[in-house]
Amino acid sequence: MITILLFAHLQESVGKDRIEFPIEQLTVKELKTALQQDYPLLELDHVMTAVNEEYARNESKVTAGDIVAFIPPVSGG
Amino acid sequence: MITILLFAHLQESVGKDRIEFPIEQLTVKELKTALQQDYPLLELDHVMTAVNEEYARNESKVTAGDIVAFIPPVSGG
Amino acid sequence: MADRYSRQKLFKPIGTVGQQKIGEKHILILGCGALGTANAENLVRAGIGKLTIIDRDYVEFSNLHRQHLFTEQDAIDQIPKVIAAKSKLEAINSNVLIEAHILDATAVTLRPLLKEVDLVIDATDNFDTRLMMNDLLQQLHIPWIYGTCVGSTGMSYTILPKQTPCLHCLLDAAPPNGATCDSAGIISPAVQMVVAHQTTEALKLLIGDSDSLRTTLVTFDLWNNHYQMIKVDKAMDSACPACGMDATYPYLHYEATTKTEILCGRNTVQIRANREMQLAELANHLKSVGQVKGNDFLLSLDYQSYRVVFFQDGRTLIHGTDSIENAKKIYYQLVG
Amino acid sequence: MADRYSRQKLFKPIGTVGQQKIGEKHILILGCGALGTANAENLVRAGIGKLTIIDRDYVEFSNLHRQHLFTEQDAIDQIPKVIAAKSKLEAINSNVLIEAHILDATAVTLRPLLKEVDLVIDATDNFDTRLMMNDLLQQLHIPWIYGTCVGSTGMSYTILPKQTPCLHCLLDAAPPNGATCDSAGIISPAVQMVVAHQTTEALKLLIGDSDSLRTTLVTFDLWNNHYQMIKVDKAMDSACPACGMDATYPYLHYEATTKTEILCGRNTVQIRANREMQLAELANHLKSVGQVKGNDFLLSLDYQSYRVVFFQDGRTLIHGTDSIENAKKIYYQLVG
């Protein structure tokens, strides 16, 4: 099981702030693709990703038990 | 091993912001007494205590692996 | 003027309906120092209906590094804080009704001002006043938002009568002699961090979005990069004298209040608190302020032009003044 | 006046020595909106030596709910933001030298203003300007503090040239069309939360306490009670065109900049960005703002009195104005 935390407007798109995703291992990129099939998440190409509170790239591995946070960069100020 | 996080002026008194304390189990009250023997901590009678991010009373149990935070109430405003 | 709240209404949880509710609400802020001015500015900009501000003090230069709204001229003219704040707030938003009281807040002076108040924001600087307020607001069923800061640290917690633990539950034992801004110093971001949490919780309460309330006690240290939210549900105590089944509201009784008297012909004010002084703790806090001398029974400190003597039984003598207001101010600067 | 910083000097990490250093430093704040005014107020109250503020905009009523320093009269008179801010800041602390520039910040206009600047605070509202600033400050070896907020969320990160990942490293791919305050709304506590982090990091840098710097990217959502510090060391990219071994500073080149032109006789301004528009994302953000129509190649939006058409290839037409300033303002309100 992987826990996915959604921030900012990603929460609104999905209608909740976390998703539990039953899978053993995959890359960040594969996780994004899989989520986009199940949820109305248009914008995962541009979000920052953190795995267990550490910055992760698309090719980084995610393993069961990890907590993945998707953080859309915002530009307001 | 119990990890103790020190906040505010408790950090200054001890000179660091965390203590690793090698013990299996005891109560919050016993932990305070033990720490006061080893460190110059005058004020543990009045601090709030959290064990694993949850409020704890003097009679609450602390077990190896727990993270204990001592938070002195401050009154500034 | 129609669209001055447009960006706030675009925030989905508020919307047009939420903005309407905000505009109908009355908030009381107790204290008009660092936390008080910044909360007041936020809430007035956000468009609340009515704001009551209470403080007994006037503006000084040493306030300016962290207290919003005040200018050098206010310090030169020694304007009472609530008066200076009111004039700035009215220039910011003339739609908000602002009621300013130059007042020493006690259970007696505060009670009549709480009629038709929806929410109280804690911006006081000492535990005596907070525990009195805690009792009074439990009795009157008014929610309030605890906030405090010192150095680069702070904490906040939202108290809903009969639903959450109250401040008395959390402090458990007698209140400590907390570190104060006058003993440990303060940087302005610590103020704003507390205020950001207080104002957000206030907005949630004003629009009735109780599902979003934080429910945890937040505590942080900006300089040391620490932030923690602590679950406190278990702190609720059915025997609590402020919020329990048989509440007696101890801090509303005359015997429990801190008393002051002028000692005739001695240029000295005596303050008598209903608790013992922790002299060792206090000496530790005050060593940054001035030279501390003492023994097991008393502690003596030279502070500004005053000599302050703390007795272990809870009495404090402030030599060098015969003004009770002045003496109380010094007292709370030092003991918190 | 001697003791106006007394409570800040009592804070041990600053002390008298730190206060002296703060008073010798020059900070530039880019942008004088919500983040800009609040950071400016903090730093001026804290007693920095010199402050440069830059913004191209004037005060409007819809700014007042979240932008400090500004009053209703400033909005009525449509005072340029930096001018309104300067007069308020001077009343707060007459010891600070304040330089105000009404200016559209580009690599060309910004470079001469960065001479003898110790630190830059990001208070802009779009990624185009941030990435230009990122390149420029890497080239000039000036540290800066990224900050941004929307809705009840925000983030901040301290960028030290050659020591930490830069903004280009973190954004990795092309910058997104980020949510803006004009599409998703904003509450003022989100602003202050970012500012609290920016000001604290600024104070650490000014006094040279680099051991205390946060080093993580902080991101929060006040309404949903979320706060996270993310380690980003691994994001540092030796091939980064802004901070890598062979940096080319792409956002300083003319081809990379966003260009504007007035389409003669059509009451229309064309803005051409050097990247593709994410039309589906953009449509999603903008549905709160007004009716969005479109197809695979373009998106059309009625916004205030304008008609705005976004093309997939990066061009935008703003119908209903022949002012480039006006068109840019609308553009960044919508695309971020």
Side-chain angles (χ1 to χ4, degrees), chain C residues 1-14 38 41-42 45-47 61-62 64-66 68 70-73 75 91-94 151-152 181-190 192-193 195-200 203-204 209 212 214-216 222-225 227 229 288-289, chain D residues 1 3-14 38 41-42 45-47 61-62 64-66 68 70-73 75 91-94 151-152 181-193 195-200 203-204 209 212 214-216 222-225 227 229 288-289:
Chain C
M1 306 260 299
D3 69 346
R4 71 182 289 160
Y5 307 119
S6 59
R7 302 308 187 271
Q8 191 162 281
K9 289 191 280 190
L10 268 174
F11 178 62
K12 288 229 176 77
I14 294 182
E41 176 162 2
N42 277 356
R45 289 192 185 273
F61 269 96
S62 66
L64 296 182
H65 98 277
R66 69 189 184 285
H68 281 204
F70 304 145
T71 64
E72 289 179 349
Q73 196 59 50
I92 287 168
N93 193 342
S94 57
S152 58
C181 300
D182 301 275
S183 63
I186 175 89
I187 56 171
S188 70
Q192 279 140 33
M193 188 87 168
V195 169
H197 287 85
Q198 287 183 304
T199 303
T200 304
L203 291 173
K204 293 174 186 175
D209 185 359
S212 296
R214 201 181 54 247
T215 73
T216 55
L222 277 165
W223 204 270
N224 296 297
N225 312 305
Y227 186 97
M229 290 187 253
S288 60
V289 167
Chain D
M1 306 257 304
D3 69 346
R4 69 183 290 160
Y5 308 119
S6 59
R7 302 307 187 271
Q8 192 162 278
K9 288 192 281 192
L10 268 175
F11 178 61
K12 289 230 176 76
I14 293 182
E41 177 161 1
N42 277 356
R45 289 192 185 274
F61 269 96
S62 65
L64 296 181
H65 98 279
R66 70 187 182 286
H68 282 202
F70 304 145
T71 63
E72 289 179 349
Q73 196 60 48
I92 288 170
N93 193 340
S94 57
S152 58
C181 301
D182 302 275
S183 62
I186 174 90
I187 56 171
S188 70
V191 177
Q192 279 138 35
M193 187 88 169
V195 169
H197 287 85
Q198 287 182 305
T199 303
T200 305
L203 291 172
K204 293 174 186 174
D209 186 358
S212 295
R214 200 180 55 249
T215 74
T216 54
L222 278 166
W223 205 269
N224 296 297
N225 312 306
Y227 185 96
M229 291 188 253
S288 61
V289 166

J.: Which atoms form the tightest heavy-atom contact between Ala196(D) and Pro189(C), and what is the distance?
T.: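 Taking every non-hydrogen atom into account, O-CB, 3.3 Å.
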J.: With a 4.5 Å cut-off on heavy-atom pairs, point out which of Ile14(D), Asp209(D), Val195(D), Asn224(D) contacts chain C the most.
T.: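 The answer is Asp209(D).
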J.: Between the main-chain N or O of Ser212(C) and the side-chain N or O of Asn225(D), is there a donor-acceptor pair closer than 3.5 Å?
T.: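 Yes, Asn225(D) side chain to Ser212(C) backbone: donor-acceptor pair under 3.5 Å.
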J.: So, taking the atom named CZ in Arg7(C) and the one named OG in Ser183(D), what distance separates them when rounded to the nearest 0.5 Å?
T.: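 It comes to 10.0 Å.
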J.: List for me each residue that meets side chain to side chain donor-acceptor pair (under 3.5 Å) alongside Thr200(C), sequence neighbours excluded, and say none if there are none.
T.: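 With sequence neighbours excluded, Thr200(C) shows a side chain to side chain donor-acceptor pair (under 3.5 Å) to no residue whatsoever.
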J.: Looking only at heavy atoms, which two atoms of Tyr5(C) and His65(D) are closest? And how far apart?
T.: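 That closest heavy-atom pairing would be CD2-CB, 4.4 Å.
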J.: Top residue by heavy-atom pair count (under 4.5 Å) with chain C, among Lys12(D), His68(D), Gln73(D), Met229(D)?
T.: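 Going by pairs under 4.5 Å, I would pick His68(D).
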J.: Can you list the residues that meet the side chain to side chain donor-acceptor pair (under 3.5 Å) rule with Arg66(C), with sequence neighbours excluded?
T.: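 Expected list: none.
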J.: Nearest 0.5 angstrom please: Asn42(C) CG to Ser188(D) OG, how far?
T.: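 Going from the CG atom of Asn42(C) to the OG atom of Ser188(D) covers 3.5 Å.
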J.: Please flag which part of Ser152(D) lies under 4.5 Å from any non-hydrogen atom of chain C: side chain, backbone, both or neither.
T.: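 Both backbone and side chain.
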J.: Which atoms of Ala91(C) come close to chain D, meaning under 4.5 Å heavy atom to heavy atom: side chain ones, backbone ones, both, or neither?
T.: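 Answer is both: backbone and side chain atoms of Ala91(C) are under 4.5 Å from chain D.
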J.: Would you mind telling me which of Phe11(D), Phe70(D), Trp223(D) has the largest number of heavy-atom pairs within less than 4.5 Å of chain C?
T.: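 Most pairs with chain C among the choices: Trp223(D).
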J.: Let me know if Glu41(C) has heavy atoms under 4.5 Å from chain D in its side chain, its backbone, both or neither.
T.: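 When you check distances to chain D, only side chain atoms of Glu41(C) fall under 4.5 Å.
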J.: Identify which of Arg214(D), Lys204(D), Gln192(D), Met193(D) forms the greatest number of heavy-atom pairs closer than 4.5 Å to chain C.
T.: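 Ranked by contacts with chain C, first place is Lys204(D).
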J.: Where do Leu10(D) and Cys181(C) come nearest, in terms of heavy atoms and distance?
T.: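 Looks like CD1-O, 4.0 Å.
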J.: What are the two closest non-hydrogen atoms of Glu72(D) and Ile92(C), and how far apart are they?
T.: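 Nearest pair, atom of Glu72(D) first, then Ile92(C): CG-O, 3.3 Å.
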